[in-house]
Protein chains: 2
Amino acid sequence: MVQAEGDDERQGPAGERIVDSVLEAVEARDQARLSELLDPLHAADIADILEQIGPTDRREFLALWSDEIDGEILSEISDSIREEVIETLPPEVLAEAVRELDTDDVVDILEDLEEPQQEIILDALERADRVAVEQAMSYPEYSAGRLMQREVVVAPEHWTVGETIDFLRRAEELPLQFYHVILVDPRMKPQGYVTLGRLLSARREVRLTDLVEDSFRTVRATVEEAEVAYIFNQYHLISCPVVDEADRLVGVITIDDAMNVLDEEHEEDILRLAGVGDESNLSDGPFATARQRLPWLVANLGTASLSAVVISGFEATIAQLVMLAALMPIVASTGGIAGTQSLAVAVRALATRNLTSANAPRVVRRELMAGLLNGLGLALILGLAGFVIFGDPLLGAVLGMAMICNQVVAALGGVLVPLGLNRLGLDPALASGTFVTTLTDVMGFFVFLGLATLVLL
Amino acid sequence: MVQAEGDDERQGPAGERIVDSVLEAVEARDQARLSELLDPLHAADIADILEQIGPTDRREFLALWSDEIDGEILSEISDSIREEVIETLPPEVLAEAVRELDTDDVVDILEDLEEPQQEIILDALERADRVAVEQAMSYPEYSAGRLMQREVVVAPEHWTVGETIDFLRRAEELPLQFYHVILVDPRMKPQGYVTLGRLLSARREVRLTDLVEDSFRTVRATVEEAEVAYIFNQYHLISCPVVDEADRLVGVITIDDAMNVLDEEHEEDILRLAGVGDESNLSDGPFATARQRLPWLVANLGTASLSAVVISGFEATIAQLVMLAALMPIVASTGGIAGTQSLAVAVRALATRNLTSANAPRVVRRELMAGLLNGLGLALILGLAGFVIFGDPLLGAVLGMAMICNQVVAALGGVLVPLGLNRLGLDPALASGTFVTTLTDVMGFFVFLGLATLVLL
């Protein structure tokens, strides 16, 4: 029995000392010690250790311990190092490992592998499983069909509780996890489901149809996995039957898979908002890391040049009043922060479907008003400071006015850019940040220097 | 039966047309039509509609329809408008609504209410439930104790499958959702659990102890909810017993609650990274929105002034070569993007516990190298462009050198700031963005103008 203790003890997955001990055992090539350390651990924690150690240590670790890698560990390790791990596994270990997995986990592993490695794994499967996996792989990437397990527990609609329990007791092989018995009609169309809790607490003669859940819903196999995660989260589902185009049952998705998708969607949002490719991974090396991030940096070089062009249009003004060069980044950078704030709220609200065309006009108006209010507040502070420090009320006024304009632009840009991308069917998180900060930079410099030219010279 | 259809049809929770129809019915004060529209909907979708309409419409909606608000809708609506909704409910409707909820949902509702409203709800509960809720409220905010439901299904260790099923069939009231039977010793200490699937598929004479799950773990009631979400996600739990300081069972947390916490944690990360208070909500008005965002904007005003001070130190340089003022934001803003990239990766990795003290040194080295590589790449582009446009190889060299320095500073700052905050026990997402962009702005301006002064004048 494992227990999470302490209030503030937020340590690594498997504790940090254990990583050090593992590395010591690897260095000493002490296989027995390694097993002693790892055997009590959950597969997820072993996978985390594999990810946290460096590539050299990982190679040595695998050379010592690859025989012990089982299906569960294989499905827990992240895509970025899975290929590397699979290459070191003896074929019979790999075959054994994939055979113990549910088909959805095999599909999850296959998806990220190259063709030849896919073949090795498919060959290792039993015939029926291979067919099931190949069928799942025929659904589009990131669809419900890829996410589902084929192993389902079904019962005809007319069965009673007793008949169902007798059937379950006789069944040779049940899925590793199932939470409902799905009622199907003779053509395998799902008609409802009964939770196991209800099945257990009802008398044997009760009919299944009297126990079905109100919350029953199904998804099409072609629906995007992000949609699946949304449905699970929105309706608090534990499992959800998957149907084909003819509404026939083809599999079931369980909540742990949906939770995983939700987690990946969040990762994607946070990384895309920051302009990092979503393939980014902690175990990537510096070259891979640099390559992922370079595109946005180069794009930013281009957009930043826009600011440079705007500023150079005011070189005559700056030449006359050099301190404008020192003050202009204040307006631009505060606008950048405001734009980022408005953007984060909008991207998150779009992701959770709280921002729809029903309330978009109201949210845009709200952002406009909030930008105006904060612009006024900041203008007051900055205008006063400008006046006190430089003794020039006009300079204070220019700073304040520019601030108000740029805060409004920032607030509007932060919500309109993701709404626009969403309308175009693009991911609202993608590139939004670059658009918005370019907008606030260019506007910030333009309005401040423009006003300064009009008012101060 | 409800079914999610279509691949790319990503519409609002309850569809957007329905929001319009609801608003029409509200305007026409047509109670029957409103019920006709809302009765087929899931409580979560009704809650979303309430959140998406404006405050005035919401008041009119509630005046018409508050009698129909039940416990499920109440627990689905977001904290930000719940108080508003509760105030409009007739006392007997409120009492009826909270009585049908599990205790964890009542606690979730109570947490965000003011004292007098809490009393109204507590008074509405049956005596046993009130005691349970008050006990849960005695645990710290954001702890497992607040998250758990008190309703548990337990069995003595020595029971067989048959005895357990008979007990469940006789039980008067079972929790709305349960996925395991928890085995306890005579002092109520949990010893393991059996999934309902195993219970159903085993023969009646099998002992429960032969069916217990390997994955069994418990959490202390005082553990933070973020830790609970991590454990569910890491170990693919469906439910997890909660124990007190003496290891006695006090409740159970189910995966839907953990999924909810995971979702809230992500929201917090994305909003905090962007410098928005995590209490931010789409249904807040413009004043509340402005007030939440102002603190970071004012803070940024302060940090941006640092840049202004640095630049003003180079006024003599700028006066001699005004185009430096136009070029300097390029170095600073590209640094800001690089810092944000590195920061997002680090914050996310800390949140998922993939970044620990075991791999921190390697990750920091990687960021340093990646920053250097991207700095070199950008320097090459920018240096060449500077040379081609201005015909001055020295200016190109200054731009390039400044870019390299600032990229390295950005990459290091992006990982060291959140690591440092984490080490101090603070949320790594909090204020990281402001720290990092201040760093890259100040360094960008300083290095570029400093080098320009040395080399070009």
Side-chain angles (χ1 to χ4, degrees), chain A residues 2-4 7 12-13 16 19 44 52 54 168 174 178 196-197 200-201 217-219 222-223 234 236 256 259 266 270 274 276 282 286 289-290 293 300 304 307-308 311-312 315 318-319 322 325-326 329-330 333-334 337 340-341 344 348-349 353-354 356-359 362 366 369-370 373-374, chain B residues 2-4 7 12-13 16 19 44 52 54 168 174 178 196-197 200-201 217-219 222-223 234 236 256 259 266 270 274 276 282 286 289-290 293 300 304 307-308 311-312 315 318-319 322 325-326 329-330 333-334 337 340-341 344 348-349 353-354 356-359 362 366 369-370 373-374:
Chain A
V2 185
Q3 184 180 298
D7 298 41
E16 279 150 24
V19 178
Q52 285 182 21
L168 290 172
L174 286 169
F178 70 106
L196 303 189
L200 275 164
S201 51
R217 37 188 85 222
T218 62
V219 290
T222 47
V223 159
Q234 174 81 350
H236 314 293
D256 54 322
M259 195 164 175
H266 283 298
I270 238 176
V276 186
L282 264 207
T289 304
R293 299 187 194 168
N300 184 69
S307 298
I311 296 168
S312 66
E315 278 188 7
I318 295 173
V322 179
I330 296 182
S333 101
T334 315
I337 300 279
T340 307
Q341 290 178 329
R348 168 74 194 171
R353 319 242 181 129
N354 286 323
T356 66
S357 64
N359 60 348
R362 196 165 47 76
R366 180 193 78 164
M369 274 298 296
L373 286 169
N374 277 340
Chain B
V2 185
Q3 184 179 298
D7 298 40
E16 278 150 25
V19 177
Q52 285 181 22
L168 290 173
L174 286 169
F178 71 106
L196 303 188
L200 274 165
S201 53
R217 39 188 82 222
T218 62
V219 290
T222 47
V223 160
Q234 174 82 351
H236 313 294
D256 55 321
M259 195 164 174
H266 284 297
I270 241 180
V276 186
L282 264 207
T289 304
R293 298 186 192 168
N300 184 69
S307 299
I311 296 169
S312 67
E315 279 189 7
I318 296 174
V322 180
I330 297 182
S333 101
T334 315
I337 299 280
T340 306
Q341 291 177 328
R348 169 73 193 172
R353 321 246 179 127
N354 287 322
T356 65
S357 63
N359 61 348
R362 195 166 47 77
R366 181 194 79 163
M369 275 298 295
L373 286 168
N374 277 341

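Sequence lines set the chain letters: A, B, ... in the order given, protein chains first and strands last, and positions in each chain run from 1.
Between A:F178 atom CZ and B:L200 atom CG the span is 6.0 Å, to the nearest 0.5 Å. Between B:I330 atom CD1 and A:S307 atom OG the span is 8.0 Å, to the nearest 0.5 Å. The structure places CD1 of B:I318 at 11.5 Å from CD of A:E315, a figure rounded to the nearest 0.5 Å. Atoms CD1 and CG, from A:I337 and B:N300 in turn, are 4.0 Å apart once rounded to the nearest 0.5 Å. The distance from atom CG of A:N354 to atom CD of B:Q52, rounded to the nearest 0.5 Å, is 6.5 Å.
Both the backbone and the side chain of A:L282 come within less than 4.5 Å of a heavy atom in chain B. Residue contact with chain A, scored on non-hydrogen atoms closer than 4.5 Å, involves the backbone and the side chain of B:R293 alike. Looking at B:L174, the atoms closer than 4.5 Å to chain A (heavy atoms on both sides) all sit in the side chain, from C-beta outward.
The two residues B:A274 and A:T340 come nearest to each other via the heavy atoms CB-O, 3.7 Å. Minimum interatomic distance between A:V19 and B:A358 (heavy atoms only, all atoms of both residues): CG1-CB, 3.6 Å. When all heavy atoms are compared, the tightest approach of A:A326 to B:I311 is CA-CG2, 3.5 Å. Between B:A370 and A:P286, the shortest heavy-atom contact is CB-O, 3.8 Å.
With chain B as the partner, the residue from A:M369, A:R362, A:H236 showing the most heavy-atom pairs under 4.5 Å is A:R362. Note on B:L373, B:N374, B:T334: by heavy-atom pairs under 4.5 Å with chain A, the leading option is B:N374. Ranked by non-hydrogen atom pairs under 4.5 Å with chain B, the options A:S201, A:A304, A:A319 are led by A:S201.
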